[in-house]
Amino acid sequence: MARPPRVKKWFAPGRVNLIGEHTDYNMGFVMPVALDMGCTVRSSPARRKVLHVSSKQFPGEMIFPLDVIPSMRRTGAWVDYVLGVAQQLVRLGVDLAPAKLEIDASVPTGGGLSSSAALEVSSALALLDGRTLPDLEIARLCQRAEREFVGMPCGIMDQYASVFGAEHKAILLDCRSITHEYVPIPDGVEIVVANTMVKHELGSSAYRQRVAECQEALSHFPGRESLRDVTLADLERASRQIPEIPLARARHVILENQRVQDFLAAARRNDLAAMGRLMVESHRSLQHDYEVSCEELDFLVDTALTLDGVHGSRMTGGGFGGCTVSLVDRSAVDAFRERLTTAYQQRYGLTPAIYTCTPSAGARRIA
Ligand code: GLA
């Protein structure tokens with residue numbers, strides 16, 4: 001009797017970013033936390049020289065001959081994240097084996113919690129099937145898959161957080177040196193994520209535009225490699241030459257990098273009030289200078305800030321919908337959830353999904 005095919009399971013987490021938004025592609029600082037929600041890939045060997053890919057969240061199974069993967073172009077569907085990763089692995093000399101990949105995401109898709117990075121990283125592990133690559137190489141190849149194959153000029157934060165997540169810890173990532181340190185989360189508070197349940201269409205085009213606007217601001221500083229090398233004083237000196245919009249974008253990036261440093265110092269001394277203040281400043285800057293927030297995100301933040309036990313609240317991720325992140329006293333979380341839900345329902349007729357996050361380990365084999 002034939003033996004049933006060997007099934008393995010691989011998991012990669014989504015992330016929530018505590019602070020440091022739209023700084024990663026400017027070589028700045030970010031502080032994400034890997035979640036216990038993410039993406040699981042169940043892999044089993046396949047007979048013919050093909051890759052079968054299916055997802056519990058989307059109908060249908062897709063089949064790709066292994067020999068066409070290296071020359072494939074994006075299809076415009078979710079499977080591009082898997083194909084892009086497969087293509088990057090081939091470029092690194094990995095010999096892909098015929099396999100059946102069954103995908104199941106527990107992180108909401110398109111909700112700003114890095115469902116794409118979770119899919120990329122879990123697919124990379126499944127396709128590697130136990131062959132090892134350095135962790136950083138996995139994060140980078142997944143980022144390249146998204147930039148080159150999917151066509152989204154993202155930074156490294158999401159893939160990095162998915163690979164390097166750690167229990168009970170946030171990750172302070174320096175996106176220039178691509179090195180990190182772990183930061184303990186103060187006791188007694190929860191990281192609470194609230195999902196607006198909306199995703200405004202301009203998201204990806206606006207992202208590209210922000211990347212370009214930062215480049216435009218940088219072009220006024222010949223010889224500097226990134227906005228990381230520009231100080232607020234430099235920006236003020238050049239402010240007459242730089243058009244208003246790129247100037248405002250650069251101001252956000254420069255101040256946001258400083259906020260990450262200040263947040264780190266505040267976390268180390270357990271100063272929740274300062275951490276909360278910095279989160280709110282970050283939100284206001286994303287709202288007014290970077291212009292990536294939206295009405296629903298602002299409403300969730302503004303409402304959260306009226307509730308008891310809330311230290312701070314801000315939008316998280318790329319923006320234009322998706323989620324907010326708040327630091328809430330553990331004892332106040334139930335009331336927070338209830339009040340925020342009621343207020344949002346009354347205003348928008350939508351029920352926001354609210355999650356209490358458990359900072360979790362990075363991508364791994366789970367069975
Ligand atoms: C998206 C991108 C990240 C980062 C954030 C904004 O999540 O994938 O690289 O730029 O937006 O901070």
Side-chain angles (χ1 to χ4, degrees), residues 12-35 37-39 80-81 84-85 107-121 139-165 170-176 178 180 193 195-196 199-200 202-215 226-228 249-250 252-257 259-260 263 279 282-283 285-287 289-294 297 314-325:
R15 64 97 190 93
V16 58
N17 189 21
L18 292 182
I19 197 157
E21 216 65 83
H22 288 277
T23 46
D24 61 350
Y25 52 84
N26 289 302
M27 295 193 193
F29 298 99
V30 294
M31 205 190 286
V33 170
L35 301 173
M37 301 182 280
C39 189
D80 285 351
Y81 296 102
V85 165
V107 62
T109 50
L113 300 178
S114 284
S115 52
S116 342
L119 174 56
E120 290 153 7
V121 174
R140 285 189 132 139
L141 80 89
C142 290
Q143 182 201 16
R144 285 199 301 276
E146 189 153 342
R147 293 177 69 100
E148 295 170 19
F149 195 82
V150 179
M152 175 74 180
C154 65
I156 185 84
M157 165 167 71
D158 304 348
Q159 293 80 6
Y160 196 96
S162 187
V163 170
F164 288 93
I171 307 161
L172 173 78
L173 168 62
D174 177 336
C175 299
R176 175 148 69 187
I178 324 251
H180 70 272
V193 164
N195 193 337
T196 59
K199 190 184 177 202
H200 296 294
L202 35 306
S204 63
S205 61
Y207 190 93
R208 265 179 262 281
Q209 205 184 353
R210 296 300 178 278
V211 173
E213 287 158 353
C214 290
Q215 285 306 318
S226 70
L227 287 179
R228 168 85 170 264
R249 308 305 190 229
H252 164 76
V253 171
I254 293 166
L255 291 171
E256 184 77 352
N257 278 330
R259 280 190 284 270
V260 180
F263 190 90
M279 290 172 79
S282 165
H283 184 78
S285 174
L286 289 157
Q287 184 179 3
D289 271 350
Y290 219 70
E291 295 181 285
V292 289
S293 187
C294 63
L297 285 167
R314 59 182 286 277
M315 57 156 277
T316 184
F320 300 101
C323 295
T324 63
V325 57

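Since the structure is predicted, the reported quantities are computational estimates derived from the model, not experimental observations. When a ligand or atom number is given, it counts from 1 through the structure's own listing order. In what follows, residues are counted from 1 in the order of the sequence shown.
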First locate atom OG1 of Thr23, then atom OH of Tyr290, and finally report the distance between them rounded to the nearest 0.5 Å.
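Spacing of OG1 (Thr23) from OH (Tyr290) equals 9.0 Å.
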Apply the side chain to side chain donor-acceptor pair (under 3.5 Å) test between Glu291 and each candidate in His252, Arg210, Arg249; give the one that qualifies.
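Only match with Glu291 under side chain to side chain donor-acceptor pair (under 3.5 Å): Arg249.
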Ligand 1 to Tyr25 polar contact by distance, N or O atoms, under 3.5 Å:
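There is no such contact.
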Only heavy atoms of [X], strictly under 4.0 Å: list the atoms of ligand 1 that pass.
| X | value |
| --- | --- |
| Gly318 | 11 (O) |
| Arg15 | 7 (O) |
| Gly155 | 9 (O) |
| Tyr207 | 1 (C), 2 (C), 3 (C), 4 (C), 9 (O), 10 (O), 11 (O) |
| Glu21 | 6 (C), 12 (O) |

Residue Arg228 excluded, over 12 heavy atoms near CZ under 6.0 Å:
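Above 12, so yes.
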Is the Tyr25 ring parallel, tilted or perpendicular to the His22 ring (thresholds 30°, 60°)?
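Aromatic pair Tyr25/His22 classed perpendicular.
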Compute the centroid of each ring, for Phe263 and then for Phe29, and state whether the two points are separated by less than 6.0 Å.
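Aromatic pair excluded; centres sit 6.0 Å or further apart.
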Closest protein heavy atom to atom 9 (O) of ligand 1, given as residue, atom name and distance to 0.1 Å:
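Heavy-atom neighbour on the protein nearest atom 9 (O) of ligand 1: Asp24 OD2, 2.5 Å.
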Which protein non-hydrogen atom lies closest to atom 5 (C) of ligand 1, naming both residue and atom, and how far is it?
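The protein heavy atom lying closest is Met157 CE, 3.8 Å.
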For Ala170 and Leu18, work out which heavy atoms get closest and say how close.
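Closest pair (atom of Ala170, atom of Leu18, distance): CB-CD1, 3.9 Å.
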Taking atom types as modelled and ignoring hydrogens, do the side chains of Ser282 and Arg259 form a donor-acceptor contact shorter than 3.5 angstrom?
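Note: Ser282 and Arg259 side chains miss the donor-acceptor criterion.
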Could you work out, for atom 7 (O) of ligand 1, the closest of Asn17, Val292, Asp158 by heavy-atom distance?
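Minimum heavy-atom distance to atom 7 (O) of ligand 1 goes to Asp158.
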